[in-house]
Amino acid sequence: MDAKHRQYVTGLTKAATFSHLSQHTLERLAAGTSETEFRRGSVIFGRGSAATGIHLVSSGQLKLCIETPNGDEHVVEIVQEGDCFGEAAMLTNRLHLVTAIAVTDCVLLHIARSTLVTELERDRELAGRIIRSLSDRLYRRTSELENVLFRKAIGRVARFILDQLDGQEEKQGRRVRLPVRKGLIASSLNMTQEHFSRTLRELSTHGQIAVMGGTIDVMDEPGLRQLAA
């Protein structure tokens, strides 16, 4: 196994889907893996393009988005380091429904469809992990859709802050660091950036949070949860 192959094996383990798989499985996956660097603003794939495999973010951030009928962009998902994306279109052999765009300079690993499909038939553990990953994302997307459809702006923002707080791997007290620019967060909540900032100020004025740049301190968690209920 050459140095590049070993690098791919290590890179695959950054994703929860592939971590803790057997060394043999990882090596076979790495054999069908390639690495590409993308500059900020680059399109990784567009809506309506064929799915050639799945992608794993080795470094950087991306957004999955769709264009609304009036030409605006709606962010469906922010993809972070260690996340995979593109599985649904690949596994169903359908075209991508979203456009993937680099938010920052990033490095992606691409696992070819033929390699992954072969390994899914061979390794039941990998198949189970893919199913769990897709199920978890479906659950989160449904929850986010509910948030957008049935909550007022202040409730949407409160729910977003609490989700960030609850999802932190490394607890930092009641402090939340915004994962991406406010404009991207606003789009994912079906708001303008101005409306999002105004809502943060409203929550701050009422004492539920304190905002400093890209950091939010939760001052009144019960009150925030009541707004998000």
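Worth knowing before you read on, the calculation uses all heavy atoms, side chains too, and leaves out hydrogens, waters and symmetry mates. In what follows, residues are counted from 1 in the order of the sequence shown. Keep in mind the model is a prediction, meaning the values are calculated, not measured.
A donor-acceptor contact shorter than 3.5 Å is absent between the side chain of D166 and the backbone of D163. Of the possible polar contacts, none joining the T115 side chain to the I111 backbone as a donor-acceptor pair under 3.5 Å is found. A donor-acceptor pair is defined here as one N or O able to donate and one able to accept, closer than 3.5 Å; such a pair exists between the side chain of Q61 and the backbone of P179.
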>> Determine whether R174 and M219 satisfy the following criterion, side-chain contact (heavy atoms from CB on, under 4.5 Å), listing intermediate values before the conclusion.
In response: CA-CA 8 Å; R174 300 289 89 187; M219 313 301 290; over 6 Å; no
> Do R151 and R159 pass the side-chain contact (heavy atoms from CB on, under 4.5 Å) test, and can you show the C-alpha distance, the side-chain angles, and the key distance before you say yes or no?
Replying inline: CA-CA 9 Å; R151 289 188 176 94; R159 179 73 271 157; 4.0 Å; yes
>> Please evaluate residues H110 and T36 with respect to the criterion side-chain contact (heavy atoms from CB on, under 4.5 Å), reporting the C-alpha separation (whole Å), side-chain torsions for both, the decisive distance (0.1 Å), and the verdict.
In response: CA-CA 8 Å; H110 175 269; T36 308; 5.8 Å; no
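In this view, T99 and V43, R47, C65, I101 satisfy the side-chain contact (heavy atoms from CB on, under 4.5 Å) rule, not counting sequence neighbours. Annotation: side-chain contact (heavy atoms from CB on, under 4.5 Å) contacts of L145 (sequence neighbours excluded): L149.
Scanning both residues, E73 and S187, for their nearest heavy atoms gives O-OG, 3.2 Å.
Residues Q208 and E221 have side chains that never bring a donor and an acceptor to within less than 3.5 angstrom of each other.
At least one side-chain heavy atom of D136 sits less than 4.5 Å from a side-chain heavy atom of R140. R181 has its side chain out of reach of Q193: every pair of non-hydrogen atoms, C-beta onward, lies at least 4.5 Å apart.
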